Novice: 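Okay, handing you the structure first.
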Protein chains: 2
Amino acid sequence: MSMDAVFRALADPTRRQLLDSLHHRNGQTLNALCERTDMTRQAVTKHLAILEEANLITTVRNGREKEHYLNPVPINEIAERWIGKFERGRLTALSDLKKRLEREEP
Amino acid sequence: MSMDAVFRALADPTRRQLLDSLHHRNGQTLNALCERTDMTRQAVTKHLAILEEANLITTVRNGREKEHYLNPVPINEIAERWIGKFERGRLTALSDLKKRLEREEP
DNA sequence: TTAATATGCAACCAAATGGTTGCATGTCAA
DNA sequence: TTGACATGCAACCATTTGGTTGCATATTAA
């Protein structure tokens with residue numbers, strides 16, 4: 001559950017699209033997720049493994065099928081612990097930059 | 001200002017550390033940023049270029065120095081447009097999973 | 001003017017990444 | 001039981017990535 005794994009998992013557009021797909025319909029199987037993409041099943045498997053390692057999805061084995069469920073907790077943690085910090089500094093950072101630019105171009 | 005560039009820029013721990021450093025002290029020069037790391041100046045230059053392309057930092061040339069300023073706007077956009085979507089679904093997703101698990105293990 | 005300083009550019013390299021193909025395993029249904 | 005279906009595993013490949021070294025350019029200060 002390292003934050004780095006979450007960031008790296010989110011870096012790939014295909015993986016974000018997989019999360020989107022699960023957000024649209026939770027609990028999809030591997031084959032169902034493959035139908036919404038143009039790559040091979042094995043490629044999707046690898047992406048899902050990375051998402052699962054980052055704890056962004058949880059899987060439930062159901063017979064010969066494997067269902068994939070979104071886990072929004074890591075995204076929430078990033079939002080709170082990391083993004084919040086930069087959002088808080090937003091106004092001051094912008095005003096700093098403005099002041100600096102004004103000083104540079106008098 | 002594509003969202004993909006922002007996600008990819010945030011994927012690297014060194015680049016997040018650079019953002020942290022700028023969050024701690026805004027407007028640092030390349031050399032100042034280099035002092036807080038163990039890699040070469042050229043490596044840091046590359047990371048800064050990626051951050052700048054993602055619009056996460058803005059630079060101001062000041063003589064022979066170049067100052068780097070945090071731009072929290074893209075992070076804020078990701079938080080609002082992308083993360084918010086998944087946070088909203090948090091409770092329902094978790095309850096979905098719980099129901100599913102209960103069904104699987106009666 | 002000259003030397004030191006701050007940054008820029010380009011070639012190069014090893015390792016990670018995203019993808020493929022081929023085959024194996026396990027489960028359901030006829 | 002047997003065939004079809006869903007997933008798993010492993011080897012392999014091209015490209016991207018993160019890093020280096022070496023040299024070039026521009027600005028400040030003595």
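The sequence lines fix the lettering, A, B, ..., with proteins before strands; numbering per chain opens at 1. Remember, predicted model here, so these are calculated numbers, not experimental data.
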Novice: Let's see if you can work this out: which of dT17(D), dG18(C), dG19(D) has an atom nearest to the side-chain heavy atoms of H47(B)?
Specialist: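 Among the listed nucleotides, the one closest to the side chain of H47(B) is dG19(D).
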Novice: Quick check against the 3.5 Å criterion: does R16(B) have a side-chain atom that pairs as donor or acceptor with the backbone of A11(B)?
Specialist: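 Indeed, once roles are kept as given, a pair shorter than 3.5 Å links the two residues.
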Novice: Whole angstrom is fine here: how far is it from CG in N62(B) over to P in dT5(C)?
Specialist: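 Between P of dT5(C) and CG of N62(B): 19 Å.
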Novice: Hey, which sits more toward the 5' end of DNA chain C by its nearest nucleotide, D12(A) or K46(B)?
Specialist: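 Its nucleotide being nearer the 5' end, the pick is K46(B).
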Novice: Does H68(B) reach the main-chain N or O of Q28(B) with its side chain, forming a donor-acceptor pair under 3.5 Å?
Specialist: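 Side chain of H68(B) to backbone of Q28(B): a pair is present.
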Novice: Taking R15(A)'s backbone N and O only, do any of them form a donor-acceptor pair with D12(A)'s side chain (distance below 3.5 Å, no angle check)?
Specialist: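 At least one qualifying donor-acceptor pair exists.
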Novice: In whole Å, what is the span from the CD atom of E52(A) to the P atom of dT7(D)?
Specialist: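 In whole Å, dT7(D) P lies 13 Å from E52(A) CD.
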Novice: Consider the side chain of T29(A), meaning its heavy atoms from C-beta on, and name the nucleotide among dT27(D), dT7(D), dG18(C) that approaches it most closely.
Specialist: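 Selected nucleotide (nearest to the side chain): dT7(D).
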Novice: Using whole Å, what does the distance between atom P of nucleotide dG18(D) and atom CG of L48(B) come to?
Specialist: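 L48(B) atom CG is separated from dG18(D) atom P by 13 Å.
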Novice: For E53(A) and dG18(C), give me the distance from atom CD to atom P, rounded to whole Å.
Specialist: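 Taking atom P of dG18(C) as the reference, CD of E53(A) is at 12 Å.
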Novice: For a 4.5 angstrom cut-off between non-hydrogen side-chain atoms, does W82(A) reach F7(A)?
Specialist: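 In short, these two side chains touch, coming nearer than 4.5 Å.
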Novice: On the nucleotide dG18(C), are OP1 or OP2 found under 4.0 Å from the side-chain N or O atoms that R15(A) carries?
Specialist: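 Yes, R15(A) has a side-chain N/O under 4.0 Å of OP1/OP2 on dG18(C).
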Novice: Let me know which of N71(B), T59(B), T58(B) forms a side chain to side chain donor-acceptor pair (under 3.5 Å) with E52(B).
Specialist: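 Option passing the side chain to side chain donor-acceptor pair (under 3.5 Å) with E52(B): T59(B).
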Novice: Below 3.5 Å, does any donor atom in the side chain of R64(B) face an acceptor in the base of dT5(C), or the other way round?
Specialist: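 For R64(B), whose side chain was compared with the base of dT5(C), there is a donor-acceptor pair (under 3.5 Å).
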Novice: Looking at K66(A), I'd like to know whether one of its side-chain N or O atoms comes within less than 4.0 Å of OP1 or OP2 on dG8(D).
Specialist: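 Looking at the OP1 and OP2 atoms of dG8(D), one of them is under 4.0 Å from a side-chain N or O of K66(A).
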Novice: Reckon N31(B) has a side-chain N or O less than 4.0 Å from the OP1 or OP2 of dT5(C)?
Specialist: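 Indeed not, no polar side-chain atom of N31(B) lies that close.
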Novice: Do the side-chain N or O atoms of R61(A) get closer than 4.0 angstrom to the phosphate oxygens (OP1, OP2) of dT7(D)?
Specialist: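 For R61(A), the contact criterion (side-chain N or O under 4.0 Å from OP1 or OP2 of dT7(D)) is not met.
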Novice: Between dT17(C), dG19(C), dA6(C), which nucleotide has the shortest distance from any of its atoms to the side chain of E65(B)?
Specialist: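 Looking only at side-chain atoms, E65(B) lies closest to dA6(C).
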Novice: Looking only at the side chain of Q42(B) (C-beta and beyond, no hydrogens), which of the listed nucleotides dC23(D), dG18(C), dT21(C) gets closest?
Specialist: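 The closest nucleotide is dC23(D).
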Novice: Let's see if you get this right: which residues in residues 32-41 of chain B place a heavy atom under 4.0 Å from DNA chain D?
Specialist: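 DNA chain D contact set from residues 32-41 of chain B: M39(B), T40(B).
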Novice: For a 4.5 angstrom cut-off between non-hydrogen side-chain atoms, does Y69(B) reach I57(B)?
Specialist: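 SC-SC contact between Y69(B) and I57(B) ruled out.
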Novice: With a 4.5 Å cut-off on side-chain heavy atoms, are L56(B) and L10(B) touching?
Specialist: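 Yes, side chains in contact.
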Novice: What's the closest nucleotide to the L30(B) side chain, out of dG19(D), dT20(C), dG8(C)?
Specialist: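 Ranking dG19(D), dT20(C), dG8(C) by closest atom to the L30(B) side chain puts dG8(C) first.
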Novice: In whole angstrom, give the distance that lies between atom CZ of F7(A) and atom P of dT17(D).
Specialist: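 My rounded result for the distance is 18 Å.
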Novice: Measure the distance from CD1 on I50(A) to P on dT17(C) and round it to the nearest whole Å.
Specialist: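 Going from CD1 in I50(A) over to P in dT17(C) covers 7 Å.
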